[in-house]
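Data block below; observations after.
Remember, it's 1-based here, ligands and their atoms both numbered in the order they're listed.
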Amino acid sequence: MSSPSAHVLLLENIHRSAYAAFEDAGVEVHARATGLNEEALINALASIPGDAPLMVGIRSKTHVTERVLDAVPRLHAIGAFCIGTDQISLSGARDRGVVVFNAPFSNTRSVAELMIGEIIMLARHVFMRSAACHRGEWRKSAKGSHEVRGKTLGIVGYGHIGSQLSVLAEALGMHVIFYDIVNKLPLGNARACGSLDELLAASDFVSLHVPDTSLTRGMMGAAELAKMRRGASLLNASRGLVVDVDALRAALDEGRLSGAAIDVYPKEPKGEGQSFESVLRGCERAILTPHIGGSTEEAQANIGREVSIALAGYLRAGVTVGAKNLPQVDAPDWDGGCRISNIHRNVPGVLSAINNVVSGSGINVAGQHLATMESVGVLIVDLCIPRDDPRARGLRAAIAELSTSLRTRLL
Ligand code: NAI
């Protein structure tokens, strides 16, 4: 059996959809169901035999600290098979030339679909009536129930989720308006609003899809809720601090707003099974969900595919498109010889030093691809000699020896 091109340690039950890309790239997969603490992670990585590059795939429980990075110099890449990357020392990885990939948009569709479902549930007061049925009450009435066809959905934040929701809502016959701080191309018949106030005054449903920034925190306070149409509904599956939940509770209790669907909260329990406290608890007009907007089997499968393809692409071709902590360099496949990938400290003179070494080797260069950001640069050099030519190994070693080089691989 030929030796693997690399090893990947997959922790925390990463979806099987990740395996295909690794198998295609000749990467040996070592999978575990649980996360590992710092010490156990170091031991697990260090116990993988051979000298082929190592990669690790984690979700939120395993932390890749500077200590792990120092203890495992064979580690070349980290896959965060989730959205967040707080569990990884991104700067520590960057300074050591270790690339980090995550999957920020794999669950976009899942969130948009939940919003559609909830808009209809709110329009028909389904949760309120369901709760009444559970209590043994028969609340059969058309009063206050509406079709969503022809109603106006106001989307705040027209990014990945907001724009996907726009398309789905139009398919239901809704009018879509949106507000974004960046000039965005309206999809379908959607219309951009010049201000948040304009959107709030014109919407039957307001759905928030902005990131958590100093501008968006508290963006929907008492004053903004008061600007919404009487009887309108608010949906928030973005970030908890975007909405003032005390003001929302008051608007719901007073009947100014007809309903709300809330998936994210200013304070969320840390883990499964912990108790959930919110001023919105007990408010029958509010649909409350435990931050599950993006939590579907499909999103998990997408994440598995997306991150493993990025890791395999980096391993095979040195491309860093989608990297969270390194400049993003892309390069078409090069079949006419071999390729050197070099991650370096971005200091004056670094490129000329590398080019001196390359030109001194006398090897013909077919192409160079470079991307830099602040302290670090990623360079791909395509050479017109085969990978097994000893001059290729010599050139790799000479580039790796430059004091500015962090990682240099022959591909
Ligand atoms: P994105 O980055 O693609 O889109 C965000 C949009 O908001 C951008 O178009 C941006 O220009 C706009 N924006 C930023 N500041 C704004 C402001 N002050 N006013 C108006 N627009 C503003 O992000 P994506 O993927 O669409 O995610 C949106 C939110 O959804 C994020 O907060 C994310 O954390 C959250 N999310 C929640 C999930 C859940 O399970 N509930 C799952 C996935 C994402």
Side-chain angles (χ1 to χ4, degrees), residues 59-60 80-87 102-119 153-169 176-187 190-200 202-203 206-221 223-224 227-228 234-245 260-272 276 278 280 286-303 306-307 322 324:
R59 292 171 67 186
S60 57
F81 285 78
C82 50
I83 313 297
T85 49
D86 292 347
Q87 72 284 34
N102 68 335
F105 307 119
S106 300
N107 56 12
T108 297
R109 172 73 186 210
S110 304
V111 181
E113 283 193 12
L114 182 64
M115 297 301 96
I116 290 292
E118 290 183 335
I119 288 168
L153 168 63
I155 298 173
V156 183
Y158 204 64
H160 287 82
I161 297 171
S163 56
Q164 178 91 225
L165 173 60
S166 170
V167 172
L168 297 179
V176 175
I177 57 176
F178 67 88
Y179 169 67
D180 199 297
I181 41 166
V182 174
N183 200 6
K184 293 284 174 116
L185 178 75
L187 300 181
R191 179 176 67 78
C193 291
S195 68
L196 179 61
D197 285 359
E198 182 189 334
L199 177 139
L200 296 177
S203 302
V206 173
S207 197
L208 307 174
H209 300 288
V210 289
D212 181 25
T213 68
S214 57
L215 283 181
T216 61
R217 285 190 180 179
M219 163 182 226
M220 288 302 291
E224 289 74 24
K227 287 172 187 159
M228 287 176 65
L234 178 74
L235 297 97
N236 185 20
S238 64
R239 297 294 286 269
L241 291 169
V242 175
V243 176
D244 176 342
V245 281
I262 305 296
D263 189 45
V264 290
Y265 306 87
K267 274 200 196 121
E268 295 183 5
K270 289 246 176 306
E272 178 94 19
F276 164 64
S278 170
L280 295 170
I287 301 173
L288 304 184
T289 47
H291 203 145
I292 48 153
S295 305
T296 62
E297 298 273 347
E298 287 79 3
Q300 287 306 316
N302 288 342
I303 288 171
E306 197 175 309
V307 179
K324 181 81 184 168

Legend entry - 4.0 Å heavy-atom contact, M219 with ligand 1: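 Per 4.0 Å heavy-atom rule, M219 contacts ligand 1.
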
Legend entry - Test item, N107 contacting ligand 1 (heavy atom, 4.0 angstrom):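 Yes, that is the case, since the closest heavy atom of the residue is under 4.0 Å from the ligand.
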
Please write down residue, atom name and distance for the protein heavy atom closest to [atom].
atom: atom 41 (N) of ligand 1; answer: D263 OD2, 2.9 Å
atom: atom 37 (C) of ligand 1; answer: A237 O, 3.1 Å
atom: atom 4 (O) of ligand 1; answer: G159 CA, 3.2 Å
atom: atom 34 (O) of ligand 1; answer: R239 CD, 3.5 Å
atom: atom 40 (O) of ligand 1; answer: G294 N, 3.0 Å
atom: atom 35 (C) of ligand 1; answer: S238 O, 3.6 Å
atom: atom 14 (C) of ligand 1; answer: P211 CD, 3.4 Å
atom: atom 3 (O) of ligand 1; answer: H160 ND1, 2.7 Å

With a cut-off of 3.5 Å and sequence neighbours excluded, list every side-chain donor-acceptor pair involving residues 210-218.
{"from": "D212", "atom 1": "OD1", "to": "R217", "atom 2": "NE", "distance (Å)": "2.8"}
{"from": "D212", "atom 1": "OD2", "to": "R217", "atom 2": "NH2", "distance (Å)": "2.9"}
{"from": "T213", "atom 1": "OG1", "to": "L215", "atom 2": "N", "distance (Å)": "3.2"}
{"from": "T213", "atom 1": "OG1", "to": "T216", "atom 2": "N", "distance (Å)": "3.2"}
{"from": "T213", "atom 1": "OG1", "to": "T216", "atom 2": "OG1", "distance (Å)": "3.4"}
{"from": "T216", "atom 1": "OG1", "to": "P211", "atom 2": "O", "distance (Å)": "2.6"}
{"from": "T216", "atom 1": "OG1", "to": "T213", "atom 2": "N", "distance (Å)": "2.8"}
{"from": "T216", "atom 1": "OG1", "to": "T213", "atom 2": "O", "distance (Å)": "3.2"}

Inset, instruction - Return a yes/no value for T216: is any of its N or O atoms, backbone included, closer than 3.5 angstrom to an N or O of ligand 1? - result: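 No - when backbone and side-chain N and O of T216 are compared with those of ligand 1, no distance drops under 3.5 Å.
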
Legend entry - ligand 1 to V156 polar contact by distance, N or O atoms, under 3.5 Å: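 Not met; the criterion fails.
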
Can you sort out which atoms of ligand 1 are near [X], meaning under 4.0 Å from one of its heavy atoms?
X: H291; value: 39 (C), 40 (O), 41 (N)
X: V111; value: 38 (C), 42 (C), 43 (C)
X: H209; value: 5 (C), 6 (C), 7 (O), 28 (C)
X: K184; value: 8 (C), 9 (O)
X: V182; value: 11 (O)

Legend entry - Separation of I161 CD1 from S207 OG (nearest 0.5 Å):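 Between atom OG of S207 and atom CD1 of I161 there are 9.5 Å.
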
Legend entry - Separation between CD1 of I287 and CD1 of I262, rounded to the nearest 0.5 Å: 9.5 Å

Legend entry - Ionic contact status for E198 with K227, cut-off 4.0 Å: no

Is there a donor in the side chain of [X] and an acceptor in the side chain of [Y], or the other way round, less than 3.5 Å apart?
X: T289; Y: H291; value: no
X: N236; Y: S238; value: yes
X: Q87; Y: S60; value: no

Inset, instruction - Please name the pair of heavy atoms, one in C82 and one in G84, separated by the smallest distance, quoted to 0.1 Å. - result: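 Shortest heavy-atom contact: SG-O, 3.3 Å.
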
Inset, instruction - Please name the pair of heavy atoms, one in V242 and one in L208, separated by the smallest distance, quoted to 0.1 Å. - result: CG1-CD1, 3.9 Å

Inset, instruction - Decide side chain to side chain contact (heavy atoms under 4.5 Å, CB included) for L165 and I116; before the verdict, give the C-alpha distance in whole Å, the side-chain angles of both, and the deciding distance to 0.1 Å. - result: CA-CA 7 Å; L165 173 60; I116 290 292; 3.7 Å; yes

Inset, instruction - Start with the C-alpha gap between M219 and V243, add the side-chain angles, then the distance that decides, and say whether side chain to side chain contact (heavy atoms under 4.5 Å, CB included) holds. - result: CA-CA 6 Å; M219 163 182 226; V243 176; over 6 Å; no

Contacts under 3.5 angstrom, residues 176-183 side chains, donor-acceptor by atom type, not counting sequence neighbours:
{"from": "D180", "atom 1": "OD1", "to": "V182", "atom 2": "N", "distance (Å)": "2.8"}
{"from": "D180", "atom 1": "OD2", "to": "Y158", "atom 2": "N", "distance (Å)": "2.6"}

Tell me the contacting part of [X] for ligand 1: side chain, backbone, both, or neither, using a 4.0 Å heavy-atom threshold, strictly below.
X: Y158; answer: backbone
X: T213; answer: neither
X: I161; answer: both

Inset, instruction - Ignoring hydrogens, tell whether any protein atom lies closer than 4.0 Å to atom 23 (O) of ligand 1; use the non-hydrogen atoms only. - result: no

Legend entry - Selected option - heavy-atom contact closest to atom 15 (N) of ligand 1, from I181, L165, V210: I181

Legend entry - Heavy-atom nearest option to atom 12 (C) of ligand 1, drawn from V242, L208, D180: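 Considering heavy atoms of V242, L208, D180, the nearest to atom 12 (C) of ligand 1 sits in D180.
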
Inset, instruction - Begin from the C-alpha positions of L168 and R109 and carry the test side chain to side chain contact (heavy atoms under 4.5 Å, CB included) through to its verdict. - result: CA-CA 10 Å; L168 297 179; R109 172 73 186 210; 3.5 Å; yes

Inset, instruction - Using the side chain to side chain contact (heavy atoms under 4.5 Å, CB included) rule, take D244 and E224 through it: C-alpha gap first, then chi angles, then the decisive distance, then the call. - result: CA-CA 10 Å; D244 176 342; E224 289 74 24; over 6 Å; no

